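What you are looking at is a predicted structure, and each value in this text was computed from that prediction instead of being measured. As the structure lists them, so they are numbered: ligands from 1, and atoms in each ligand from 1.
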Amino acid sequence: MKALKRFAALILTLALCLTCAAGMAEMVDPDVQAIIDRGVLRVGVKNAVVGFGYQDTLTGEYSGMEIDIANAIAEKLGVDVEFTAVTAATRGELLDSGDIDCVLATFTITDERKESWDFSTPYYTDHVSVLVEDASGITGLADLVGKKVGVSSGSTSARSLVSAMIDAGLIDGASFDKATFDPALWTDGVSFQQYDDYPTISIALSADEVNAFCVDKSILAIYHTDGRSYISEEFAPQDYGIATKKGSGFSAYCEEQITAWLADGTIAGFAAAYGLN
Ligand code: GLU
């Protein structure tokens with residue numbers, strides 16, 4: 001009888017443990033739960049980067065692989081999605097203020113940025129290039145010596161260009177410090193004019209206010225109109241990741257989805273749908 005009681009107690013304990021384990025497995029992180037409870041995933045995206053984040057001016061509809069990834073995450077969470085157009089200068093602040101839950105906006109993963117935000121495994125890698133007016137006669141990095149280049153505030157572009165010019169032996173680079181580099185102060189071999197958005201840089205290029213426009217090739221594409229060309233070089237690989245608030249439980253959720261979708265071909269499918277590879 002005693003043995004039977006002990007056996008019954010053991011079975012009961014086992015059953016309790018199993019119930020607990022099942023409960024834990026279903027436990028949703030509070031940061032993820034907050035999005036589910038709100039019923040809307042708020043995502044910062046680009047609105048003029050064809051193939052990544054592009055908003056049709058007539059219909060207001062967004063398209064691009066970053067839009068597809070955002071929609072897929074929202075679907076997985078079982079919530080709606082709300083897009084906010086961001087720039088290189090605004091995306092970090094909007095994440096910090098809690099206005100958006102994540103950024104899917106050609107946001108390059110860098111060591112410095114990782115100190116401020118969490119980033120997922122990269123879902124795409126682009127390169128930096130330079131767009132010029134054909135009439136300028138500029139065709140390569142060497143022609144940029146002594147020129148003024150338009151870049152976006154808050155972007156990696158100026159630093160990438162200086163680094164590429166140093167590697168090409170066009171600038172000696174003795175004063176270059178990756179960590180403290182400031183485009184506004186740099187005058188060694190090339191100088192920079194910073195702008196808040198890309199349309200303004202494009203206008204400045206037409207107006208000869210700057211001699212060249214430097215950023216990721218994906219972003220330059222829409223400004224590559226007749227009478228303009230890319231220089232021959234592209235450089236500085238740009239790994240795009242989903243950025244989330246540092247330490248948020250939602251970071252791990254995004255990472256889980258991205259790694260699964262990279263492994264099963266979902267991300268490659270999104271890229272292919274926009275002719276990206
Ligand atoms: N991808 C680059 C960066 O994160 C270019 C800027 C941009 O994304 O607008 O700095």
Side-chain angles (χ1 to χ4, degrees), residues 43-55 62 64-67 69-70 83-96 100 102-131 149-164 178-184 186 190 192-205 210 212-224 230-231 233-246 254 258 267 271 274 276:
V43 188
V45 294
K46 289 291 184 78
N47 64 1
V49 185
V50 176
F52 291 83
Y54 179 78
Q55 188 176 26
Y62 279 93
M65 76 172 290
E66 291 176 330
I67 305 301
I69 295 173
F83 295 120
T84 299
V86 300
T87 67
T90 65
R91 57 194 167 190
E93 290 165 21
L94 289 166
L95 207 48
D96 291 343
I100 52 179
C102 60
V103 171
L104 269 144
T106 68
F107 207 173
T108 303
I109 305 165
T110 67
D111 289 341
E112 301 78 46
R113 288 175 179 169
K114 278 201 246 174
E115 283 171 24
S116 305
W117 304 289
D118 287 334
F119 282 90
S120 71
T121 294
Y123 53 81
Y124 190 84
T125 302
D126 195 28
H127 285 82
V128 176
S129 191
V130 177
L131 187 69
V149 180
V151 293
S152 164
S153 338
S155 72
T156 53
S157 317
R159 191 174 80 178
S160 301
L161 179 60
V162 168
S163 198
K178 199 174 168 226
T180 57
F181 177 82
D182 181 351
W186 188 266
V190 63
F192 297 97
Q193 182 75 45
Q194 296 185 85
Y195 297 87
D196 285 341
D197 57 61
Y198 297 113
T200 316
I201 309 182
S202 183
I203 293 165
L205 182 65
V210 290
F213 176 178
C214 175
V215 72
D216 309 0
K217 222 164 175 186
S218 59
I219 298 169
L220 284 176
I222 200 168
Y223 307 105
H224 184 201
Y230 298 118
I231 63 163
E233 298 92 341
E234 48 183 61
F235 42 92
Q238 303 288 303
D239 285 336
Y240 297 161
I242 303 181
T244 40
K245 221 172 194 169
K246 196 151 190 67
C254 290
I258 286 293
I267 300 280
Y274 297 97
L276 308 168

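- Between F83 and Y62, the ring planes lie tilted relative to each other; the angle falls in the 30° to 60° range.
- For E234, the salt bridge (Lys or Arg N to Asp or Glu O under 4.0 Å) criterion is met by K217, not counting sequence neighbours.
- Tested against Q238 for a side-chain contact (heavy atoms from CB on, under 4.5 Å), the candidates T106, V215, T156 yield a single pass: T156.
- Considering backbone and side-chain atoms together, S157 places no N or O closer than 3.5 Å to any N or O of ligand 1.
- In this structure, atom 8 (O) of ligand 1 lies nearest to the protein heavy atom T106 OG1, 2.7 Å.
- Of the heavy atoms in V215, only side-chain atoms (C-beta onward) come closer than 4.0 Å to ligand 1.
- Checking Y240, Y198, F107 against atom 6 (C) of ligand 1, the nearest heavy atom belongs to Y198.
- Atoms of ligand 1 lying under 4.0 Å from at least one heavy atom of T156, given by number and element, are 2 (C), 3 (C), 10 (O).
- R113 places a side-chain heavy atom less than 4.5 Å from the side chain of T108.
- For atom 5 (C) of ligand 1, the choice among D216, V151, V86 with the nearest heavy atom turns out to be D216.
- Inter-residue side-chain proximity for I222 and Y54 is flagged as met; some heavy-atom pair is nearer than 4.5 Å.
- Remark: Y124 pairs with F52, M65, D126, Y240, L276 by the side chain to side chain contact (heavy atoms under 4.5 Å, CB included) rule, at least two apart or across chains.
- For R113, every heavy-atom contact with ligand 1 shorter than 4.0 Å involves the side chain, none the backbone.
- Within ligand 1, counting atoms from 1 as listed, the ones closer than 4.0 Å to a heavy atom of I219 are 7 (C), 8 (O), 9 (O).
- Within 6.0 Å of the CG atom in D182, the count of heavy atoms belonging to other residues, nucleotides or ligands exceeds 12.
- Set against the non-hydrogen atoms of K46, the atoms of ligand 1 under 4.0 Å away are 7 (C), 8 (O), 9 (O).
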